[in-house]
Amino acid sequence: MDESNLTEEQSNALARFQEFTDIKSIETSLQYLSAHEWDVQRAINTALTSNSDTPPVTPLVPQPLPSEPPVQQNTAVTVRFMPNFVLQLFRAPLSFLYTFYLKYQQYSPVRFIRVAFTFFRSFLWRKPLRDPLTEIENYVTYFNKKYGTSHPPIYRGSLSQALRDAQREIRLAFVYLHDKNSPLCDRFCREVLCQEALETIIGNSLVWSSSRDTQEGLNASKFLNVHVYPCLCIIAHHGSQQTVQFKLEQYTNSDECLAQIFNAVENANQTLQHNRQRKNQSDSRGRLLEEQNAAYLESVRADKEKAEQRLREENERRKIEEEHQKKLQEFAEFRDRLKQNLPSEPLSTDNETIQVSIRLPADEPIRRRFRRTDSAKLLFEFAWTNSSVPNQFELLWGYPRKRHQYEQIGDETIGDLMNGNTETCYLEEIDQDK
């Protein structure tokens, strides 16, 4: 059966069935419900008490084929009936009126009045909704007040929430259904539930309880197919399936009851151990996957940082190289301007001239005549016109030799700094890193 072809009532039944059985497969749930003719209570009871993943299939019993009746020969004489003239006269109007009634009866005023009355009655006589959590709290208060607090702690929530928590935490779920008016329930609570022996048997298992006069208790009674009180059920989860490991519906004495509960818990512990092993394996795989993902992300992060570092270094080298090329270009333009603006060399016959020889560190010295009235900076500008002269340098001349730099010379002339007719200067490069 396709889920899209379900009616609203069948969809609600499917949702209730999956909520209490925790069966995720829609196909399996539909097979359970179809096998029980959509009786939710019977389907849930079968799913909880069965360890099978598939619903029981009712075998089809072949029905014997009915024997064909013997063919009787028609020996009757056919008589032609002539209808009455009056019936023939009123048959057509009566047929028309009957057809008209069938077609338009849904629009009759009586139908509208009935629908309106039902609608307003749903608002005026609606039963107040009962909060399941409030009912559980009131029941726990009643139980503690009547029997004391020396009993296993009762889960404060709905049964579906308790079953989900028990499945997630891999614990057994003890479900006790109580009848406040039953003396047998009173005996069971005093002789079993409030005894230390039961707390030892239960251990860390989850205990849920409610009374049959609450909505939550009534729903639990229907789903667990409970008809006799007190009723104690032990529910364990095997994967995604919920199975009733033990169901007590007839209480006789405490010793026998505790022995049955103890045996049921021992048998259910095997299922819990299997679930714990599966969870440990799943957790181990999850941790291994997390470690692998963390290692992969760390490797990706390290590779990204290395790539970013290489990019920064490459950008820094490119920037330095661009700045260097820019300085070289600017200095080349500066050298060209000096060559164009350098004044002409005076003749040897001119008065007030001085012959200057500038010794380079690796090449032959360069020589030129200057006027004594020329600025002393002209010595540096002349040296810069030579392609082998570095960008930054200083000149040394005189005895004792003094160091002169281009930026330190002000308005002095060559005659102010050199007294003879010839002078030798020594060029030394300035380390730019200093």
Side-chain angles (χ1 to χ4, degrees), residues 16-23 40-51 132-133 135-140 142-144 147 151-180 182 184-186 188-189 191-195 198-199 201-238 240-251 257-258 260-269 271-272 275:
R16 290 171 55 195
F17 179 86
Q18 287 185 325
E19 178 182 5
F20 273 82
T21 60
D22 202 24
I23 296 177
V40 180
Q41 180 179 346
R42 290 170 52 201
I44 292 177
N45 185 49
T46 302
L48 293 178
T49 56
S50 173
N51 294 327
L133 298 181
E135 289 184 337
I136 295 297
E137 289 289 342
N138 295 336
Y139 169 74
V140 173
Y142 152 79
F143 195 91
N144 292 337
Y147 302 106
H151 58 79
I154 299 176
Y155 183 88
R156 297 173 183 264
S158 63
L159 177 59
S160 59
Q161 293 173 349
L163 294 178
R164 284 194 295 268
D165 289 348
Q167 180 182 14
R168 184 180 66 255
E169 299 170 5
I170 312 181
R171 295 195 292 171
L172 294 178
F174 283 74
V175 179
Y176 169 65
L177 298 177
H178 181 75
D179 187 357
K180 297 179 181 179
S182 173
L184 193 59
C185 290
D186 186 74
F188 180 80
C189 293
E191 297 175 0
V192 178
L193 284 183
C194 296
Q195 295 300 318
L198 182 63
E199 293 189 28
I201 295 174
I202 289 179
N204 66 336
S205 299
L206 189 146
V207 179
W208 184 89
S209 178
S210 184
S211 177
R212 65 178 298 185
D213 60 350
T214 63
Q215 186 63 40
E216 194 69 18
L218 183 61
N219 293 336
S221 301
K222 291 181 179 180
F223 291 132
L224 294 176
N225 196 19
V226 176
H227 303 287
V228 180
Y229 300 88
C231 178
L232 179 67
C233 297
I234 301 178
I235 300 177
H237 292 80
H238 186 80
S240 61
Q241 298 290 329
Q242 298 174 353
T243 57
V244 178
Q245 301 287 331
F246 172 77
K247 186 175 183 180
L248 174 69
E249 290 186 324
Q250 185 176 2
Y251 174 67
C257 180
L258 290 174
Q260 293 177 356
I261 296 175
F262 179 80
N263 294 332
V265 171
E266 289 295 323
N267 295 332
N269 282 334
T271 302
L272 292 182
N275 292 339

Test side chain to side chain donor-acceptor pair (under 3.5 Å) applied to N267 - qualifying residues, sequence neighbours left out = none
Minimum side-chain heavy-atom gap L177-R212 below 4.5 Å = no
remark   = Contacts of Q215 meeting side chain to side chain donor-acceptor pair (under 3.5 Å) (sequence neighbours excluded), chain-then-number -> R130, N219
task = Would you give the length of the straight line joining atom CG of D179 to atom OG of S221, rounded to the nearest 0.5 angstrom?
result = 9.5 Å
query = For R156, what residues pass the salt bridge (Lys or Arg N to Asp or Glu O under 4.0 Å) criterion, not counting sequence neighbours?
reply = E137
task = Please report the closest heavy-atom contact between L133 and G157, naming both atoms and the distance.
result = CD2-CA, 3.6 Å
task = Identify the residue among L159, V226, L206 that makes a side chain to side chain contact (heavy atoms under 4.5 Å, CB included) with V175.
result = L159
task = Kindly check if the number of other-residue, nucleotide or ligand heavy atoms within 6.0 Å of OH (Y142) is above 12?
result = yes
query = Should H151 and N144 count as side-chain neighbours, where that means a heavy-atom distance under 4.5 Å?
reply = yes
request  = Using side chain to side chain donor-acceptor pair (under 3.5 Å) as the criterion, list what pairs up with T214, not counting sequence neighbours.
outcome  = S210
query = Can you tell me if CD on Q250 sees more than 12 non-hydrogen neighbours from other groups inside 6.0 Å?
reply = no
query = To the nearest 0.5 Å, what is the distance between CG (L272) and CG (L172)?
reply = 4.0 Å
message = Just so I know, are the side chains of Q260 and L232 near enough to count as touching, which here means a heavy-atom distance under 4.5 Å?
response = no
note = Rounded to the nearest 0.5 angstrom, the CD-NE2 distance for Q245 and H237 is 11.0 Å
task = State which residues pass ring-ring contact (aromatic ring centres under 6.0 Å, His included) with Y147; sequence neighbours excluded, sorted by chain then number.
result = F143
inquiry  = Return the CG to CZ distance between D165 and R168, rounded to the nearest 0.5 Å.
reply    = 4.0 Å
Pairing residues for F17 by the ring-ring contact (aromatic ring centres under 6.0 Å, His included) criterion, not counting sequence neighbours = Y32
request  = Not counting sequence neighbours, which residues clear salt bridge (Lys or Arg N to Asp or Glu O under 4.0 Å) with E191? List them please.
outcome  = R187
remark   = Looking only at heavy atoms, the pair that brings L258 and I201 closest together is O-CD1, 3.9 Å
Non-neighbouring partners of R16 that pass side chain to side chain donor-acceptor pair (under 3.5 Å), sequence neighbours left out = none
request  = Give a yes or no on whether the backbone of L224 and the side-chain of K247 come within a donor-acceptor separation of less than 3.5 Å.
outcome  = yes
ask   = Which residues pass the side chain to side chain contact (heavy atoms under 4.5 Å, CB included) test with P152, sequence neighbours left out?
value = E199, I202, V207
request  = Would you please name every residue forming a ring-ring contact (aromatic ring centres under 6.0 Å, His included) with Y155, sequence neighbours left out?
outcome  = none
inquiry  = Donor-acceptor check, side chain of T243 to backbone of A236, threshold 3.5 angstrom: yes or no?
reply    = yes
ring-ring contact (aromatic ring centres under 6.0 Å, His included) against F223, all qualifying residues, sequence neighbours excluded = F20
task = Check each of Y139, F188, W208 against Y176 using the ring-ring contact (aromatic ring centres under 6.0 Å, His included) test, and report the only one that passes.
result = F188
query = Between F174 and L193, is any pair of side-chain heavy atoms under 4.5 Å apart?
reply = no
inquiry  = Ignoring hydrogens, what is the shortest heavy-atom contact between Q242 and L163? Give both atom names and the distance.
reply    = OE1-CD1, 3.6 Å
remark   = Residue set satisfying salt bridge (Lys or Arg N to Asp or Glu O under 4.0 Å) with D213, at least two apart, ordered chain then number -> K180
inquiry  = Would you say that P230 contacts L184 through its side chain, given a criterion of any heavy-atom pair below 4.5 Å between the two side chains?
reply    = yes
